[in-house]
Amino acid sequence: MSQDAKESTVTAAPADAGTGDALENLLHENRKFAPSEEFAANAVVGAGDYAEAAQDRPAFWAKQARELLTWSKDFDQALDWSNPPFAKWFVGGEINAAYNALDRHVENGLGDRVAIHFEGEPGDTRSYSYAELTEEVKKAANAFESLGVAKGDRVAVYLPMIPEAVITLLACARIGAVHSVVFGGFSADALRSRIDDAEAKLVVTADGTFRRGKPSALKPAVDEALAKEGHTVENVVVVKRNGESVNWVEGRDKWWDETVGTASTEHTAVGHDSEHPLFILYTSGTTGKPKGILHTTGGYLTQGAYTHKAVFDLHPETDVFWCTADVGWVTGHSYVAYAPLINGATQVMYEGTPDSPHQGRWWEIVEKYKVSILYTAPTAIRTFMKWGKDIPAKYDLSSIRVLGSVGEPINPEAWMWYREVIGGNGGKKDTPAPIVDTWWQTETGAQMIAPLPGVTATKPGSAQVPLPGIAVDVVDELGESVPDGHGGYLVVREPWPSMLRGIWGDPERFKDTYWSRFEAMYFAGDGAKKDEDGDIWLLGRVDDVMNVSGHRLSTTEIESALVSHPSVAEAAVVGAADETTGQAVVAFVILRGDAANNGDETVQELRNHVGKEIGPIAKPKHVLVVPELPKTRSGKIMRRLLKDVAEGREVGDATTLSDPTIMQQIAESLRK
Ligand code: WTA
C-alpha cells in the first residue's frame, strides 16, 4: 500500500491458503478416538439431532429455541428468509437475554448455584451466585438507565476480564441497549473510531487491570479517545480495579461504585423483539476499516445455548466450565457472557496471563475449581508445550472431561499433547477427555463445525463435521461442492440462527463481503478441505486477514497504520507462519526518500507507531526495510513472494513481476 492509496482494497490471490493440487496429499490422519461407552451413554446430545435437523432445519432450531430459552412472547415463524441475505429468526417472538441468563434460574430455585468464580490476577477471588449476579445486573441496568441510556442506544465497553464486564453486557441486554465491546489491547485511536462508528452514548471502563503482577492502565486510553471534540459520549462509568490514580472529567465520569453500587436492586426485564440488536463487535476485514458485526437476540441466544450444551456435553448441575477467551472477542461474548449463563452453568473467569505469577497458573486454577470443561486456543496449547509437560504434571487435572479448541487450526501435535497431558491428566487417566475443535467466526456468532463428544470419533487436527442444523460445505472456484479428498472454499449454504444480521450502518458491505463471492452462499473467507472420510480441515484464511494467537488482524489495516507514519512511503504486510502464535505479523516497508534509516531505532519506532494506531496486539514482530516491493504489472503487491521471504523459504515463481529482479534486491538488502 502506498501513502496516496490508503483507502484502496488489496485483494490477495484468492487461493493463497491453498485450494487444489498441492493439498491433495497434505492432510492425512489415521488416528481416531471414539467416545468411551460411558461418555456416550451419559452424553446430553446423541446422534439423533443430526437426523432430526436434516429433516427440517428451521423446525429443529425452533424446538431448541423453545426448549433452551424462556420467551415472554412465543414466536410465530422459525425463519423468514424472504429477503436474503437478511434473515429473521423466531419472527414475532419476544425475549430478554438477561432474564434468560439470570432471573429465571433464580425463579427456578437455582439462586444459590455459583454463576461465576472470579480469579483476579493478583490472586484475589470473588464468587457470584446466580441470585447475586442477578442483583448486580439489575443495579447496573438501573444505573445505565439513570444515565439516560435507553433501548437501542449503543454502549462502548472497554474493560478487563472482571465480573463487571459480564454484568455490563447483561445490563445492556436487559434494557435493550446495544453493547460494543472494544478489546482492552486496542489503542485510543481504535477505541475512538469504534465509538464514532457506533455513536456510543456511554463508555464503561476501568481504571485498569493487572498484567504480570503490575498495574496496567485503561482509563487514559478512554480519556485520549474522547479528548477530541465531536463524539457522542455523554458519560464514562469507571470500575475501580487496580486502584491507580486516574484523570477525572467532572460531569462526564462516574465511578461504578457510586452509580451502579448505589442503584436499586429492583428491575423488571421486559421482552425485546427476537430481532432486536444485541451487540456490535468490530472485527478485521480485508479493508482498512474494521467491520461492526451486528448480532440480534433470539437466534444468537438459541445457537449459543444449543452449541454450548451439545459440543461441551454440558451437565450444568455438576460441570465447571472455563472459557479462557477475553470478553473483547466473540468467544468471550458467546461462551463467557451469554451461553454458560443461559444454560445455568458454573464458570470460571480469570483476569490474567497464563504465566503470572508462574507457568502453572492455569492448572492451579483447574485444580482449585475442579474445572471439568476447558475451552481455549491452540496458541495457548503450543505455549504450554514449549514450557513442558512437567508444569501441568504438578497439578491434579483429573476433573477435566471435555477439552475445546477455537480460533485457529490446531496442528495434530498440539492436539495430541492437549489430549494426553491435559485431558489425560499427564497419563494418569485411562481414557483421556475428548477434544472438540470448534470452527466458527465473529460473524457466525456461535460454533458451526465441531465434533459432538459423545457421538463423533475425534480426529487430531480436524474440526470435522457441521453441527446439527448447520449446512456447511467446501466448494471450488465456481461454487460447486468438492468431492471428498479435495480442497476449496468454506461456505454456508443455509441461514443459521446466530448468523450476523449485517455490518453496522453498511448493508452494501455486508452483501459484498459475504454474499457476492458465490451465489446464495455465505463465504467465510477460509480455505478448507474434505478428507477421504468427508471430515473438514480448516486451512486458514484465503483473504487479507491474519490470525495471530487466534486474534484476527487485517493486513490492510496494519499497512494503513504504517503508511500514516511520515517516514514510510509504502508498506506490505504478511502473516508468516509462527510456531507459537500460528501466524506473526511481518511488515516490509519502503522509507521515503528524505527519511533516514536508523536501523533498529527506525524499526522500533514503526512498531510503536502501529501499536499506537491500532494496539499492541497489532505490532509487527518484524519490520524489514526494503528498497522496493514486488508488484505485478497491474500494480498488485505479490504478498505470496513476501511470505516466502518472511518464512525463510526459497522464493516462488516471480515471473509475473513487473521487475523480476526485485526479489533479488530485497534478498540482498535483507542480507545487509
Ligand atoms: C479462524 C473466532 C481453524 C478462521 C471464533 C476463522 C479457526 C477466524 C477455528 C474467525 C478452528 C476459528 N480451526 N480456524 N477451530 N476457529 N478459526 O472472528 O480463520 O475471531 O475465519 O472468531 O478464525 O476468527 P474470529
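Indexing begins at 1, ligand by ligand and atom by atom, following the structure's order.
The shortest N or O to N or O distance between G540 and ligand 1 is not below 3.5 Å. Inclusion of E443 in the set of residues having an N or O under 3.5 Å from an N or O of ligand 1 is not warranted. On a distance-only criterion, D526 and ligand 1 share at least one N/O pair closer than 3.5 Å.
The closest non-hydrogen atom to atom 15 (N) of ligand 1, taken over T438, T331, T283, comes from T438.
Ring orientation note: the planes of Y335 and Y375 are nearly perpendicular, at an angle over 60° on the 30°/60° scale. The aromatic rings of H308 and F321 sit perpendicular, their planes meeting at an angle over 60°, well past the 30° parallel limit.
Of all atoms in ligand 1, numbered sequentially from 1 with element shown, those under 4.0 Å from a heavy atom of N547 are 1 (C), 23 (O). Interface atoms of ligand 1 facing D437, defined by a heavy-atom separation under 4.0 Å, are 11 (C), 15 (N). The contact set between ligand 1 and V330, taken as ligand atoms under 4.0 Å from a residue heavy atom, comprises 5 (C), 22 (O). Near V406, meaning under 4.0 Å from one of its heavy atoms, ligand 1 places the atoms 5 (C).
For atom 23 (O) of ligand 1, the nearest non-hydrogen atom of the protein is G407 O, 3.2 Å. Scanning the protein heavy atoms around atom 10 (C) of ligand 1, the nearest turns out to be W440 O, 3.7 Å. Nearest protein heavy-atom neighbour of atom 18 (O) of ligand 1: T442 OG1, 2.5 Å.
With hydrogens and angles ignored, the 3.5 Å screen pairs a side-chain donor or acceptor of T444 with a backbone N or O of Q441.
A cation-pi arrangement is present between R194 and F186 under the rule of less than 6.0 angstrom and at most 45 degrees off the ring axis. For the pair R501 and F86, the cation does not sit on the ring face, since its NZ or CZ is not both under 6.0 Å from the ring centre and inside 45° of the axis.
With a 4.0 Å heavy-atom cut-off, ligand 1 is reached by the backbone of P409 and by its side chain too. Of all the heavy atoms of R552, the ones lying under 4.0 Å from any atom of ligand 1 belong exclusively to the side chain.
In summary, of the residues considered (Y514, F518, W515), a ring-ring contact (aromatic ring centres under 6.0 Å, His included) with F523 occurs for F518 alone.
Not close to ligand 1: W329, with no non-hydrogen atom less than 4.0 angstrom away.
Using a 4.0 Å cut-off between charged side-chain N and carboxylate O, D506 and K291 make no salt bridge. A salt bridge is defined here as a Lys NZ or Arg NE, NH1 or NH2 lying under 4.0 Å from an Asp or Glu carboxylate O, and R517 with E477 meets this definition.
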Pair F60-Y50, ring-ring contact (aromatic ring centres under 6.0 Å, His included): steps then yes or no: CA-CA 10 Å; F60 169 79; Y50 291 112; 9.2 Å; no

